[in-house]
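Below is one structure, written out as structure tokens, with a few remarks after it.
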Amino acid sequence: MLLSRWLGRPCSYRSSRLATVFSSTLSNRWASTATALKEDVAEEPAASEPPKHVLTEQDMKRLNFQRNIGVSAHIDSGKTTLTERILFYTGRIGDIHEVRGRDNVGAKMDSMDLEREKGITIQSAATFCDWETTNPFSKEKEKYAINIIDTPGHVDFTIEVERALRVLDGAILVLCAVAGVQSQTTTVDRQMRRYNVPRISFINKMDRPGANPWRIVNQIRTKLRMPAAAVQIPIGVEDEFKGVVDLVNWRSIYNDGYKGIEVIVKDEIPPDLLDLAKEKRVELIEQLAEVDEEIGDLLLIDEEPTNQQLNDAIRRATLGLKFSPVFLGSAIKNTAVQPLLDGVCAYLPNPSEAEIVAHDTTKPVSAPPVPLYPAANAPLVGLAFKLEEGRFGQLTYMRVYQGTLKKANVIFNARTDKKVKVPRLVRMHSNEMEDIESIGPGEICAIFGVECSSGDTFTDGSTSFSMTSMFVPEPVISLALKLNGKETPNFARALNRFKKEDPTFRVHLDQESKETIISGMGELHLEIYVERMRREYNVDCTTGKPQVAFRETVTKRSPFNFTHKKQTGGSGQFARVIGYIEPMEPDPETGVDVEFVNQVMGGNIPSNFIPGVERGFHVALEKGTLSGNPISGVRMVLQDGAFHAVDSSELAFRLATVGAFREAYHPAKPVVLEPIMNVEVVSPAEFQSTVIGGINTRRGTIVDSEIRDDEFSCSAEVALNDMFGYSNQLRGSTQGKGEFSMEYKNHMPVIPPLQKQLEEEYKKSIPAAKK
Ligand SMILES: Nc1nc2c(ncn2[C@@H]2O[C@H](COP(=O)(O)OP(=O)(O)OP(=O)(O)O)[C@@H](O)[C@H]2O)c(=O)[nH]1
């Protein structure tokens, strides 16, 4: 039987995963789980040996009750406060400590001293907890194991959000009941889409004056273009907010006891809310009918879906990335957090329902990806998604995608081909840990003493699988660093460590000024690293003024045919390279936009010299000759060349390539690029024209604007170089009432006068001898 027919809908998301065999008797999840029948396996190519990816009944028993979720949102929406409640209610922590709380303890998930001081989340911390709940349909008790990653909201730490989304199966998108969809919400939304992460939405801060969930639901639909509907309505507003009506199971839910630990469920709906509850349930059904065939069909024949049908449709549509159910609550007032946890279990996918693929590195890059199966006896494939230098040495966070990882196992790093023994395996709970003997597929753990970079894939050596890497945005800000005091190896040690932990953090040595330049995603991002150097490595640095991270790129193809020849006594140097350079678009998945392609046939350049050519290409990219900034967006294709039996060397080919690149560079019509930011401004409506005027004087382009309830908001695209001093200007022109946030969009060519200015400044900065 075809899976699509069995499911009564076309298979989209996860269809390949569902083609795995698993027991259909385990439908003890709230939804009648979409389980595939044995016949479906016939659709898979026959394997010569027994398939290792078959999910056993035991696998499914575990996976059905496993969730890996992220909590993402705009800064200050209350993610950490919410996570703290989740940990308390699931019994992971004994009490609740607030972010910037008076008890000076700080929230559990903000474990870095810096995080507690600044009251923001910098590194995402992983934690796991168990949630026991009663299935509203079977009335049976069920226990779920949930891994949660608390992600930072500030745009400067966007790579942490990317990392979390890469390894999670579902997410809670937290929104503020007053501010609604903000600039960073849009960024997170884009990231969730990039990694196909189904999400439920949580409108937090329902206790705040002016809280209006319906406006926010509407914003999710219009601004994020995601069909959505509330699955709850609030009982009481603002100060009086004390619970929610569950529209799916038609009941009321309140909190009681110490910090809301007790959940009180009542079958009746408060009479004054009955009309609104009916209206919103109809709205939920109508929204679902738009994206779910079964509910659409019921609506056509004017039949109301049962609670179970509604529940299953929400799950289907959420997993299919077509819908987001919206929950309401107030984390700080300990209200309606438990129903959200129930929502995580009911509507977010288990690890077997997320479509995960890897690349077989023995096959060409264009070969179709290989699906991974979270079967315990399949060959191990795990992804190291985060490194952390902890009190006890290097800690590597890993998500196991298939197979089982055991303590003392020997595992292989697919990138370096090195094998390592797993000395210690732990489950992380923010900065505390629990030793474990083994970890199954679909779970997240941390291992000690394994040398690797973030994004590395580990296997048991029996496969050559590699997971695709993460999207890494270009840095936008650079800082020159000067060491105060004596030279210390800790300086390089710290920088290497940070580079390994965070691919958006870049370091290079400016050959002319001999300064160490660090670049990253914003001033705060770099500031934190400078501070961490001081605290963790005892290295004190003075920083220069933050500079915009300009880049250079080429705009047309340009050939090269360059011979490097040197004959000054002793053995000479000879290398010749022929080919071309051309513009290259960034890879949408990884953001990579430089590439070296070797097309040399025959032995005109022996293969042992090719790495020298590739290295030369990367050396040439470090500094463009137009403005001295790094070059990106370029592909170098090596087609031919020549060598000399005695005088050719790796070094000769490297130098030849640098020469060739420089020769081809100017005819390739290079331009200087600058980072363009998405800027979101909010102010009282009376300042509308002042705000627009301010953006215009900074050569910004307004892309969207809106006035609602006396509040004006607009989104604009502005060059980062034109944004310096904006926060003071905005404050000054709006009586301190305007606020803005910005995030990196892309790099675009600068206007010609600026390019000329940058070129001239660069020329002046080079010593005369070098010109
Ligand atoms: N009124 C109200 N305030 C809340 C609620 N939840 C959190 N807050 C407050 O909002 C502020 C931000 O909360 P956090 O939990 O740090 O938010 P966050 O999203 O984790 O912040 P970042 O980690 O910096 O992105 C704190 O002052 C909280 O006390 C809520 O439900 N209602």
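Any value given below was found using the heavy atoms of this structure, including those in side chains, with hydrogens, waters and symmetry copies removed. In listed order, ligands and their atoms are each counted from 1.
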Query raised in the report: Would you say M206 has any N or O atom under 3.5 Å from an N or O of ligand 1, going by distance alone?
Result: no

Query raised in the report: Would you say the side-chain atoms of R85 and T81 include a donor-acceptor pair closer than 3.5 Å?
Result: no

Query raised in the report: Non-hydrogen atoms of A331 versus ligand 1: any pair closer than 4.0 Å?
Result: yes

Requested in this report: May I ask you to decide if the ring planes of F498 and Y529 are parallel, tilted or perpendicular, using 30° and 60° as cut-offs?
Outcome: tilted

Report summary line: Quick note on ligand 1: atoms under 4.0 Å from a heavy atom of R208 include exactly 1 (N)

Requested in this report: For Q338 and G260, indicate whether the former's side chain and the latter's backbone hold a donor-acceptor pair under 3.5 Å.
Outcome: yes

Query - ligand 1 to K333 polar contact by distance, N or O atoms, under 3.5 Å - result: no

Query raised in the report: Can you name the salt bridge (Lys or Arg N to Asp or Glu O under 4.0 Å) partners of K242, sequence neighbours left out?
Result: none

**Report entry** Part of K205 within contact of ligand 1 (heavy atoms, under 4.0 Å)
**Finding:** both

Query - For K500, all residues meeting salt bridge (Lys or Arg N to Asp or Glu O under 4.0 Å), sequence neighbours excluded - result: E451

Query raised in the report: Counting heavy atoms not belonging to D275, are there more than 12 under 6.0 Å from its CG?
Result: no

Query raised in the report: Against heavy atoms of D207, which atoms of ligand 1 measure under 4.0 Å?
Result: 1 (N), 2 (C), 30 (C), 31 (O), 32 (N)

Requested in this report: Decide whether an N or O pair under 3.5 Å exists between L82 and ligand 1.
Outcome: no

**Report entry** V174, portion touching ligand 1 at heavy-atom distance under 4.0 Å
**Finding:** neither

